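Take a look at the structure below.
All values reported here derive from a predicted model rather than from experimental measurement.
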Amino acid sequence: MRLLFLGDVVGRSGRDALTAKLPGLRASLRADLVVVNGENASHGFGLAPDMARAFLAAGADVITLGNHAWDRKEIIPFLETEPRVIRPANFPPGTPGRGAVVVDVPGNRRALVVNVMGRLFMDALDDPFRAVQAELQRHRLGQTIHAAVIDVHAEATSEKYAFGHSFDGLASLVIGTHTHTPTADHQILAGGTAYQSDAGMCGDYDSVIGMQKGGAALRFWRKMPGEKLAPAEGEATLCGLFVETDDATGLALGVAPVRLGGRLSQAMPGV
């Protein structure tokens, strides 16, 4: 199976780049499953239903969220009707929406996507490790599902690495989101799980993690409240990871970074 994961979509720049480029990117990579983190799509804070629909129409199979899941209140009823948009699974029981979804993939295959949020330097939620463990006990890689993707929306690389090693051999891909900076540690772990600490963002990198430089920098200089942050609106770079898996085991055979457009050095898998 060919898996494409794209990191946090930030603001209009990220949205426009995603909807314009994803159809061609999906076709060129012959991707079977596309997962996109959309939690910063709406002016940098949250995801609106019309934006989610546009991402799905452009070729996303699943949209994951994170700590800004509830910033656009109209997403709450939308989550109850659209199973392909998921929020972190370790929100307490009774929280609207769901934290995981199994989707059909071409070739009579099925893939599990799980979204969790870390707890180190983040909001205090339920245990994300046990939330993932519970999902992987319900859906066994190489048996009831052909691939499993875990989006770990977290601040600390140590927590993300702990996830990777904890579920090595049990998932196709463990990928970090949230920090908006693509890391250079993409690899296949010892047990066969693809890993990268952060996928990066789909947004303008002439910025402070996707937000306009002036206001964001002043917050560090002055350490006092300022004007509301606004997304940078230059050309976006699409950042993510491409993974090929073995259908028999669900484990990774190859992993390569994706960086398309914008300011960063370009990277495309050789397919």
Side-chain angles (χ1 to χ4, degrees), residues 1-7 26 29 31-39 52 55-56 59-66 69 79-91 93 95-118 125-154 160 162-177 188-189 191-196 199 240-255:
M1 192 181 300
R2 291 167 171 252
L3 314 176
L4 174 62
F5 186 98
L6 294 175
R26 178 165 191 157
L29 294 177
D32 299 304
L33 176 71
V34 176
V35 182
V36 175
N37 186 291
E39 73 128 17
F55 294 172
L56 295 169
D61 295 298
V62 179
I63 301 170
T64 56
L65 296 173
L79 290 179
E80 299 288 6
T81 60
E82 179 47 85
R84 294 174 294 174
V85 182
I86 59 176
R87 45 76 175 164
N90 55 319
F91 275 112
T95 302
R98 55 195 60 78
V101 64
V102 175
V103 295
D104 293 328
V105 178
N108 197 31
R109 296 171 294 178
R110 305 169 79 231
L112 169 69
V113 182
V114 187
N115 184 197
V116 290
M117 196 158 80
L125 296 181
D126 293 346
D127 187 346
F129 289 87
R130 287 183 172 81
V132 170
Q133 182 183 53
E135 290 296 338
L136 293 178
Q137 287 174 341
R138 282 190 283 268
H139 308 284
R140 294 301 182 95
L141 189 64
Q143 299 178 34
T144 61
I145 54 173
H146 297 87
V149 176
I150 303 171
D151 174 355
V152 184
H153 198 76
K160 295 175 185 181
F163 258 97
H165 292 302
S166 293
F167 298 105
D168 186 17
L170 301 176
S172 309
L173 169 63
V174 173
I175 182 105
T177 56
I188 298 175
L189 301 176
T193 294
Y195 175 84
Q196 183 171 324
L241 195 68
F242 179 71
V243 178
E244 292 188 79
T245 69
D246 181 345
D247 279 345
T249 64
L251 297 175
L253 298 172
V255 57

With [X] via ring-ring contact (aromatic ring centres under 6.0 Å, His included) - residues at least two apart:
X: H146; answer: none
X: F5; answer: none
X: F55; answer: none

Does D246 reach the side chain of L253, with side-chain heavy atoms less than 4.5 Å apart?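 Yes; the side chains approach each other to less than 4.5 Å.
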Heavy-atom side-chain proximity of S166 to V174 below 4.5 angstrom: no
Applying side-chain hydrogen bond (donor to acceptor under 3.5 Å, both in side chains), run through T64 and D151 and close with a yes or a no. CA-CA 7 Å; T64 56; D151 174 355; 2.6 Å; yes
Could you report the tightest heavy-atom contact between [X] and [Y], atom names first, then the distance?
X: R110; Y: M1; result: O-CE, 4.4 Å
X: P83; Y: T81; result: CD-O, 3.5 Å
X: V62; Y: V103; result: CG2-CG1, 3.8 Å
X: V105; Y: A111; result: CG2-CB, 3.8 Å
X: S172; Y: A252; result: O-CB, 4.1 Å
X: L112; Y: L136; result: CD2-CD2, 4.0 Å

Go through V114 and I86 one step at a time and tell me if the side chain to side chain contact (heavy atoms under 4.5 Å, CB included) criterion holds. CA-CA 8 Å; V114 187; I86 59 176; 5.9 Å; no
Could you measure the distance from the [atom1] atom of [X] to the [atom2] atom of [Y]? Nearest 0.5 Å is fine.
X: L6; Y: T177; atom1: CG; atom2: OG1; answer: 12.0 Å
X: L170; Y: E135; atom1: CG; atom2: CD; answer: 13.5 Å
X: M117; Y: L65; atom1: CE; atom2: CG; answer: 10.5 Å
X: R26; Y: R2; atom1: CZ; atom2: CZ; answer: 12.5 Å
X: Y195; Y: I188; atom1: OH; atom2: CD1; answer: 14.5 Å
X: I145; Y: H139; atom1: CD1; atom2: NE2; answer: 7.0 Å

Keeping [X] on the side-chain end and [Y] on the backbone end, is there a donor-acceptor pair under 3.5 Å?
X: R98; Y: R84; value: no
X: R87; Y: T95; value: yes
X: K160; Y: V152; value: no
X: T193; Y: L189; value: no
X: D61; Y: V34; value: yes

Given side chain to side chain contact (heavy atoms under 4.5 Å, CB included), test L241 with V255 step by step and report yes or no. CA-CA 7 Å; L241 195 68; V255 57; 3.6 Å; yes
